[in-house]
Amino acid sequence: MQQFAPLALDALNYTSVLLLVSIGLIIVFGLMGVINLAHGEFFLIGAYSVLVAQGFGLPFWIVLPIAFMITVTVGLCVDACILRFIYHRPIDTILATWGLSLAIKQLMIIIFGPGAQQVSAPITEPAVIFGVTYSSYRIVIMLITGAITVATLSLLYLTRFGLAARAAMANRQMAQCLGINTRLLDRTTFGLGAGLAGVAGAVMAPLMSVDPQMGLSFLIPAFLAVLVGGAGSPLGALYGSAVIGTSNTVIASWWTPVIAQIIVFSLAIVIIRTLPAGISGFRRS
Amino acid sequence: MTRLGLYTTIIFWLAMAMLPLVVRPWDLVMFSQLLIYGIAAMSLALIWGQGGLLCFGQALFFGVGAYVMALTGKGLIPGIAASAWLGLGLATLSGALVALLAGFALFFGQALRGPYFGIVTIAAAVIVERFATNWRYIGGYNGLLDIEPLSFALIWPGLDSAEPLAGYLTALLAAFAVFLLLNALVRSPFGTVLRGLRADEQRVASLGYSVGLWKTIAFCIGGGTAALSGALFAVQFSFVSPAVIGFAMSTEILIWAAVGGKEVLLAAMAGAAVVKYFEAVLSDAIGHYYLLVIGIIFIVVVVALPRGLLGRLFELPRPQRLRADGISGHTQKHRERADAAAPMEPRQPAPGKQEDGT
Amino acid sequence: MILEISDFHAGYIRDANVLQGVDLSVRAGERLAIMGRNGMGKTLLVKSIMGLVRPSAGAIRFDGMAITGMPTHRISNLGVAYVPQGREIFADFTVLENLRLGIIGKPALRSESFDQVFEWFPILAERKSQRAGTMSGGQMQQLAIARALVGRPKLLLLDEPSEGIQPSIVHEIAVTLNRISADEALTVVVIEQNVEMVERLSERVLFLENGRIAEQANVHDLSEDPSVIERYLGV
């Protein structure tokens, strides 16, 4: 049991961060039909906010809400400047957000340089959990992401806003006929999704090297998580992240991260092929 | 109906043919690269612009072509003689074969919906790039160097494609041949079915077409074409690395086709030349900022000009069989729309009695 | 006049108008039926009123305000409610959630009391925590109407409410709607092919043919002289 505990914790850690990224993707896709390839860049902006804020000497815990606010703002701008013209052309949203992702990445290179930079973790002393010594910062990450996930799911399933959003996901036109301003919902959820990715980037920054390419390394697993879990329901992000996060961590510990990535991506494609509605769709039927 | 596209197309190819008369040899090398990129852009224009399959992994075929060419040219494939010409053929075939396998895997049974297909191709491109980077046999991260040029010893002793003019003419001939072939395809009933798939897959299926089969055929042709351009690329640069097979290259091809105009073959091809040329000029002028500018231009084109910058310029008149006499340009547009929405061709098209039967 | 449509042209495809110059006006509190064969543009007409279809020409005024080109959710907030063909209830949500969606987009409404609609449609009170998709066609139709009514509309648009519902329930729904309209001074515009529903529910009937209002009749005259119906609905 004891030798598996660190692995299980690592898997849980990766899953929880992946979930933060993919939950934003799934609500934006469900509501607007937008496939947001710039979502990885919100993650990136979150990570760089930490870099900048630490440069100013701000404590890490204040940086998290700041990273959230910054990415929410960027998300709202993206919706106002680009998406509102094309949200009814789903394929074009893929392309436009892809162009956006290139532009943001390049902007980061221009401002911060192409190289990797380090951010220090707010707490470094290890903790003992389940009888093993484990990075206390990773435990904090799990607590933060867990809390944010619970908050997001409660927002979606327990509030009026969430009911309206889920109704618009199920039948956009009917929701409009009932007086629901779906464009307002779009904007709000897009901003929220961006913010969640930003927070994910911020909490992950101390664990990764912060570089302009880091967005892509989370975007693809997050998208595969959404498709594996099933894009039809926000809960799909949960299942999908668990599958992708766990298998990636376990395989990486056996072999190498590169082999893990190749195997997990291939496996995900097979699952998407055999279960087009994902795990959540499979469970429902 | 406008014949503008016909004239611009002829002028384009004439200009390309005359180019060696006015351009220095060194610049010819650059133009042959542009032509080779143009072939890759046309391959994507076929499957995406015509068939509606947004493929983020076109470099997969491009890269397979480049690697097969390199390996054959260097005699690294056991049992196959080292030969650049053989490599060119093998490369094209392997691209088509990979596309065939991918098509069977992705298009049959419960097919992937449009956006899902895009994501899956992104993942595939990343997988293959990782794979190529870590496979020692094909050179790993460093790739393969010193790839044999195509020999023209039959025409002139010692002549090969490393000579700028010969290299340019090879690229031009290949590009022109691909253009003629794909254009014939696009204008044939096959092209009409492809556009039907783009507009409404289910309707095409309900007319008795096997959607999976047609998509796979299109994918196969597109894959072979992309592999051919990859092979020419390998010969031209005498060098391949994992960069030619991965995500970044896929994106570049996508941008060329989108900016030029994905629905018109020559527009996509010219798009490659325009974007690449523009990149070169911009990176001289503003350094790092050029990618930012390209990204923004790409967004603007997607949002405001879905037909690309050059789509209208190079759009050819519709094929004779889709025309009816006495139709004004106005209703003509309608027909194109109706044609795209519901291809009415019978399974074995009777001459002269195709979509217009309605 | 609560609803005035003048010289209205619209279609699903650009330059191919199905509606070619519709003129009609509806008095407040009136119960109007629109009849016509399939493909004459009846659904298109109500969708245009809801702002779901952009017209190519013409104007729609609701309660004195021009609503052509207005976003759908604003039209809904002005007091137009819509029960579409096929009902389009949210199948995965409970009955209660469906009803709450009827008021969630209406900031002007404060109360969340559904006592009134539960009195009109008692079956919904019984099933309020059931998933809406598991109910019968008639129950779903009642839910769709109730969902429209909780938003306190001035005008209720119904598209083929009798479709796919057994006759006894059709009768019941018609009687209930008639009562609600009288009690609440609610204007009702119903698109129907079911003659019984029209006779139970409406006062005046318009016949839509070839993109225009071809004829209008009083419901009582209609029952005496069925030849009009034969002319516009007969195949």
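All values reported here derive from a predicted model rather than from experimental measurement. In what follows, every heavy atom counts, from backbone to side chain, and hydrogens, waters and symmetry copies are set aside. Order of the sequence lines fixes the chain letters, A, B, ..., with proteins taken first and strands second; residue numbering starts at 1 for each chain.
Residues of residues 27-38 of chain A having a heavy atom under 4.5 Å from any heavy atom of chain B, listed by number: A:F29, A:I35, A:L37. Within residues 96-113 of chain A, the residues having any heavy atom under 4.5 Å from a heavy atom of chain B are, by residue number, A:A96, A:W98, A:G99, A:L100, A:L102, A:A103, A:Q106, A:L107, A:I109, A:I110. Within residues 220-229 of chain A, the residues having any heavy atom closer than 4.5 Å to a heavy atom of chain B are A:I220, A:F223, A:L224, A:L227, listed by residue number.
Looking at A:I82, A:L95, A:I86 one by one, the single match for side-chain contact (heavy atoms from CB on, under 4.5 Å) with B:I299 turns out to be A:I82.
Crowding of A:R187 atom CZ: a count of heavy atoms from other residues, nucleotides or ligands under 6.0 Å exceeding 12.
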Practice prompt. For side chain to side chain contact (heavy atoms under 4.5 Å, CB included), just list the numbers for A:I269 and B:I127, CA-CA rounded to whole Å, side-chain angles, deciding distance to a tenth of an Å, and then say yes or no.
Written response: CA-CA 11 Å; A:I269 294 179; B:I127 294 172; 4.1 Å; yes

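For A:I259, no part sits under 4.5 Å from any heavy atom of chain B, backbone or side chain. For B:I255, the part lying near chain A is the side chain, with the backbone staying farther off; criterion is any non-hydrogen pair under 4.5 Å. With a 4.5 angstrom heavy-atom cutoff, A:F85 touches chain B only via side-chain atoms. If you measure heavy-atom distances from B:A258 to chain A, you find no contacts under 4.5 Å at all. Both the backbone and the side chain of B:Y289 come within contact range of chain A, judged by heavy atoms closer than 4.5 Å. Using a 4.5 Å cut-off between heavy atoms, B:V303 contacts chain A through both its backbone and its side chain. Residue B:I294: no heavy atom, backbone or side chain, is found under 4.5 Å from chain A.
Between atom CZ of residue B:F117 and atom CD1 of residue A:I272 there is a gap of 12.5 Å, rounded to the nearest 0.5 Å.
Counting all heavy atoms, side chain and backbone alike, B:P306 lies closest to A:R89 at CG-NH2, 3.9 Å. Minimum heavy-atom separation, A:V258 to B:R130: CG1-CD, 4.1 Å.
Qualifying ring-ring contact (aromatic ring centres under 6.0 Å, His included) partners for A:W255, counting only residues two or more places apart in sequence or in other chains: none.
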